[in-house]
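In the text below, chain A, chain B and the rest are named by the order of the sequence lines, each starting its count at 1. Excluded from the calculations below are hydrogen atoms, water molecules and symmetry mates; all remaining heavy atoms, backbone and side chain alike, are included. The structure presented is a predicted model; accordingly, all values stated were derived computationally and were not measured.
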Number of protein chains: 2
Amino acid sequence: MTKRTYSISELSEEFGITPRTLRYYEDEALIAPKREGQARIYSTSDRARLIWILRGKRVGFSITDIREVLNMHYGEGGKEEQCRVTITACKNRIKNLEQQKKDIDETLEELSSLVDTMTIFMAENYPADNSL
Amino acid sequence: MTKRTYSISELSEEFGITPRTLRYYEDEALIAPKREGQARIYSTSDRARLIWILRGKRVGFSITDIREVLNMHYGEGGKEEQCRVTITACKNRIKNLEQQKKDIDETLEELSSLVDTMTIFMAENYPADNSL
DNA sequence: GTTGACCTTTACGTAAAGGTCAACTATGAA
DNA sequence: TTCATAGTTGACCTTTACGTAAAGGTCAAC
């Protein structure tokens, strides 16, 4: 069993965030580490949640979005209506993410062609290329 | 030649943003429509810039990022150093976007499997499915 | 018995991206 | 002429996601 635990500074250093950020996430009910006295003790599953949070952020989710998704995972699979709502919410997010992928692809193409154009321009006008 | 022009409300309605937003983008030097007296007159190329802006936003670019990229397109291909900087900046953005695509794919997988799990759960516990 | 490292809470600060509202202008139709 | 419609600027308000002190607890090491 992975009974490893982490202090706030271990975790914040590992992921390149500040302790403040971790406390903020706790305020926002995204993580709920155990306490040893006052100090926060993070478990491996807290760490897993954190990974989700940070990836969520990178894809543009807000704190509220992330909380929603995290709650889906653990949320009461009980009530039928609640289930339906969750499924619908997921599907919406999926649609958004797929649109986002298209947007990214378009942006990537434009940026690439911009790089190409400029590279050619450079080659013509400043041939002393050290080709980085 | 596409000499079509647009008023602020035409454009804001077309893209589902408010006039305030368009003025804000102008304040931030992302667009610079002509004026007819006081009124803003947007050209097709202003519209193209707007499309860039909105897509940039959807992929998570900040206003500052967007301004930078737009300026790259139009920016002085003149100075060598400036060119190099631009190319490097582009390449960095490209890397970020590629990471972002990975993140999106991972998130998509998790969301999909969550939907699957819940759908199965629903089918087992509430078989009266109207299969939406 | 104090220094240092690490932790805590409370509380105010801030930048980004607009929303909202008030007051004014210009134009065209009734 | 007056009303409606669209536009303008300017000022202040709001939310999000933390940053940044201020003020102090705890524990090991010297």
TODO: Rounded to the nearest angstrom, tell me the gap between atom CZ in A:F61 and atom C1' in D:dC18.
DONE: 20 Å
Open item on the list: Tell me the interatomic distance from B:L11, atom CG, to D:dA6, atom P, rounded to whole angstroms.
Closed with: 16 Å
Open item on the list: Which nucleotide wins on minimum distance to the side chain of B:R23, given the candidates D:dG7, D:dT8, C:dC7?
Closed with: D:dT8
Open item on the list: Can a side-chain donor-acceptor contact be found between A:T18 and A:T21 if the only test is distance below 3.5 angstrom?
Closed with: yes
Task: N/O (side chain, A:R40) to phosphate O (OP1/OP2, C:dT8) under 4.0 Å - done: yes
Open item on the list: Which nucleotide, if any, forms a Watson-Crick or G-U wobble pair with C:dT27, using both distances under 3.5 Å?
Closed with: D:dA4
TODO: Indicate whether OP1 or OP2 belonging to C:dA5 is found under 4.0 Å from a side-chain N or O atom of A:S9.
DONE: no
Open item on the list: What is the separation between atom CD1 on A:I53 and atom P on D:dT16, rounded to the nearest whole Å?
Closed with: 17 Å
Task: Nearest-Å distance for atom pair CD1/P, residues A:I8 and C:dC6 - done: 13 Å
Task: B:D46 and B:S43 side chains, donor-acceptor separation under 3.5 Å - done: yes
- [ ] Could you tell me whether B:E14 and B:R4 have a side-chain N and a carboxylate O separated by less than 4.0 Å?
- [x] no
Task: Rounded interatomic separation in angstrom, taking CD from A:E68 and C1' from D:dT16 - done: 17 Å
Task: Donor-acceptor contact present, side-chain A:D27 to main-chain A:Y24, <3.5 Å - done: no
Open item on the list: What is the separation between atom CZ on A:F15 and atom C1' on D:dC18, rounded to the nearest whole Å?
Closed with: 19 Å
Task: D:dT26 - base-pair partner by Watson-Crick or wobble geometry, distances under 3.5 Å - done: C:dA5
Open item on the list: So that I can tick it off, tell me whether B:E80 and B:R84 are bridged by a salt bridge, with the cut-off set at under 4.0 angstrom between side-chain N and carboxylate O.
Closed with: yes
Open item on the list: Expressed as a whole number of angstroms, how long is the span from B:E26:CD to C:dA17:P?
Closed with: 17 Å
Task: Test: A:D65 and A:R93 ion pair at under 4.0 Å - done: yes
Show me the protein contacts with nucleotides 18-22 of chain C, counting only N or O atoms at under 3.5 Å.
unit_1: C:dG18; atom_1: OP1; unit_2: B:K57; atom_2: NZ; d: 3.0
unit_1: C:dG18; atom_1: OP2; unit_2: B:Y25; atom_2: OH; d: 2.9
unit_1: C:dG18; atom_1: OP2; unit_2: B:K57; atom_2: NZ; d: 2.8
unit_1: C:dG18; atom_1: N7; unit_2: B:R20; atom_2: NH2; d: 3.3
unit_1: C:dG19; atom_1: OP2; unit_2: B:T18; atom_2: OG1; d: 2.5
unit_1: C:dG19; atom_1: OP2; unit_2: B:T21; atom_2: OG1; d: 3.1
unit_1: C:dG19; atom_1: N7; unit_2: B:R20; atom_2: NE; d: 3.1
unit_1: C:dG19; atom_1: O6; unit_2: B:R20; atom_2: NH2; d: 3.1

Task: Whole-Å distance separating the CD1 atom of B:I41 from the C1' atom of D:dG7 - done: 10 Å
Open item on the list: Between B:R55 and A:E109, does any side-chain N to carboxylate O distance fall below 4.0 Å?
Closed with: no
